[in-house]
Amino acid sequence: MSRQGLVALACLWIAGLAGLVSWGGQAAEIPLQDRQSGYQLMTPETRAMQDDDAANPGMLWVLDGEALWQRKDGRANLSCADCHGDARQSMKGVAARYPAVDPGLQKPVDLEQRIEMCRTEKQQAPPLRAEGKDLLALAAYVARQSKGMPIAVVEDDHTRPFISAGREIYERRQGQLNLSCANCHDDNSGKRLAGSPIPQAHPTGYPLYRLEWQTLGSLQRRLRNCLVGMRAEPYAPGAPEYAELELYLMWRARGMPMEAPGVRP
Amino acid sequence: MLALTMTAPALAMDPQPYAVVGDTIPLSLTGGRGDPAKGRSIVATRTQGLCLLCHSGPIPEERLQGTLAPNLAGAGSRSTEGQLRLRIVDASRVNPDTIMPPYYRTDGLERVSKSFAGKPILTAEEIEDVVAYLLTLREAP
């Protein structure tokens with residue numbers, strides 16, 4: 001190849017790289033003081049539904065979870081309460097610091113995964129069905145014990161690599177529509193995608209009751225919905241990418257009050 | 001210059017070659033004229049054109065329209081036919097940071113879901129229909 005040809009190729013290459021860098025660079029993180037929960041974008045009626053325990057459909061799962069907490073299960077014949085006692089004390093603030101890096105696995109596990117670990121390892125019972133009623137009920141019951149508490153995921157030597165990995169996924173363009181999470185949730189939050197206002201993607205309310213789903217759902221379900229909307233291949237259920245994204249989102253929402261079980265349109 | 005997409009072996013759905021001149025694709029992707037009525041329906045259909053997810057436009061029967069992008073009213077007087085065609089084929093050629101999806105590009109995309117992999121969002125014919133429709137939008141909102 002001629003020298004000119006090589007120079008032209010090198011230029012193309014650099015132009016290509018510059019293109020990639022400016023995609024990532026485009027996303028401007030939302031300043032801490034300007035953050036707001038998806039709750040803020042809801043109608044007064046939907047907010048009232050979340051605020052009133054008697055009207056919040058998520059409370060049905062919380063009540064189921066309370067019963068499951070007491071139920072002995074598995075070959076160990078233990079209930080959650082046998083190990084953890086009264087959840088109102090022992091689980092206070094726990095959901096606010098999840099996903100957490102498990103010292104044994106050396107990777108972040110989210111609340112649902114942590115509950116499954118207790119179930120299979122401590123109770124020695126078969127895993128609950130992902131996104132099934134019982135797992136959601138236990139997660140909702142545990143998360144409820146942190147309601148109103150500030151999200152407490154911190155960046156330290158253990159979490160830093162996973163927070164970065166989550167941020168990288170969040171800022172990466174994906175799918176046939178070639179969009180990143182940041183394109184919508186950082187750069188265009190508050191604007192309307194078709195009729196729906198785009199929230200800032202703070203995971204304050206999960207698991208939450210979505211009127212559109214007519215049921216309670218986990219944060220992983222929400223992320224999967226957004227990926228499908230981008231026409232990207234969703235990660236396999238339980239894939240590490242979800243825990244990394246969840247960890248990044250919780251860190252991004254640090255200090256914001258927990259709302260679980262939330263309600264969303 | 002021909003777009004790089006064209007070097008891939010041609011599958012039935014693969015984008016066909018086109019030439020970019022400046023900020024335009026001057027020639028029709030199909031060689032023919034699009035149908036503005038079909039174009040309007042593609043733009044209005046949320047699962048096909050997807051345009052009204054982000055844009056608003058003079059399509060009053062579609063109540064839920066987006067506010068992420070300029071109103072499409074007047075698009076036909078703001079841009080030439082060739083500019084509109086390039087914008088829809090691959091808006092990143094006009095603005096590298098754009099959030100507007102590339103409607104006729106299949107390379108350089110990551111983790112496209114299996115059901116859409118290797119397919120452009122719209123076919124050449126559909127893009128010509130949309131261009132023909134946009135050219136009828138002469139009045140600003």
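What you see below is based on every heavy atom in this structure, not just the backbone, and it leaves out hydrogens, waters and symmetry mates. A note on names: the letters A, B, ... follow the listed sequences, proteins ahead of strands, and every chain is numbered from 1. All of these numbers come straight from a predicted model, not from anything done at the bench.
Between R264(A) and E259(A) there is a salt bridge, with a side-chain nitrogen of the basic residue lying less than 4.0 Å from a carboxylate oxygen of the acidic one. With salt bridges taken as basic N to acidic carboxylate O contacts below 4.0 Å, none links E233(A) and R111(B). With respect to the salt-bridge test (charged N to carboxylate O, under 4.0 angstrom), the residues D90(B) and R85(B) do not qualify.
Of the listed residues (L68(B), L50(B), L109(B)), the one with the most heavy-atom contacts under 4.5 Å to chain A is L68(B). Contact count against chain A (heavy-atom pairs under 4.5 Å) is highest for P102(B) among S115(B), C54(B), A117(B), P102(B). Heavy-atom pairs under 4.5 Å with chain B were tallied for A232(A), G195(A), A194(A); the largest tally goes to A194(A). Comparing K191(A), R172(A), Q176(A) by heavy-atom pairs within less than 4.5 Å of chain B, the highest count is held by Q176(A).
Between Y242(A) and Y235(A), the ring planes lie perpendicular to each other; the angle is over 60°, past the 30° to 60° tilted range.
Heavy atoms closer than 4.5 Å to chain B are found in the side chain of L179(A), but not in its backbone. R63(B) does not touch chain A: none of its heavy atoms, backbone or side chain, sits under 4.5 Å away. Only the backbone of L52(B) has a heavy atom closer than 4.5 Å to any heavy atom of chain A.
With values rounded to the nearest 0.5 angstrom, Q48(B) atom CD is found 5.0 Å from E126(B) atom CD.
Within 6.0 Å of CZ in R33(B) there are 12 or fewer heavy atoms belonging to other residues, nucleotides or ligands.
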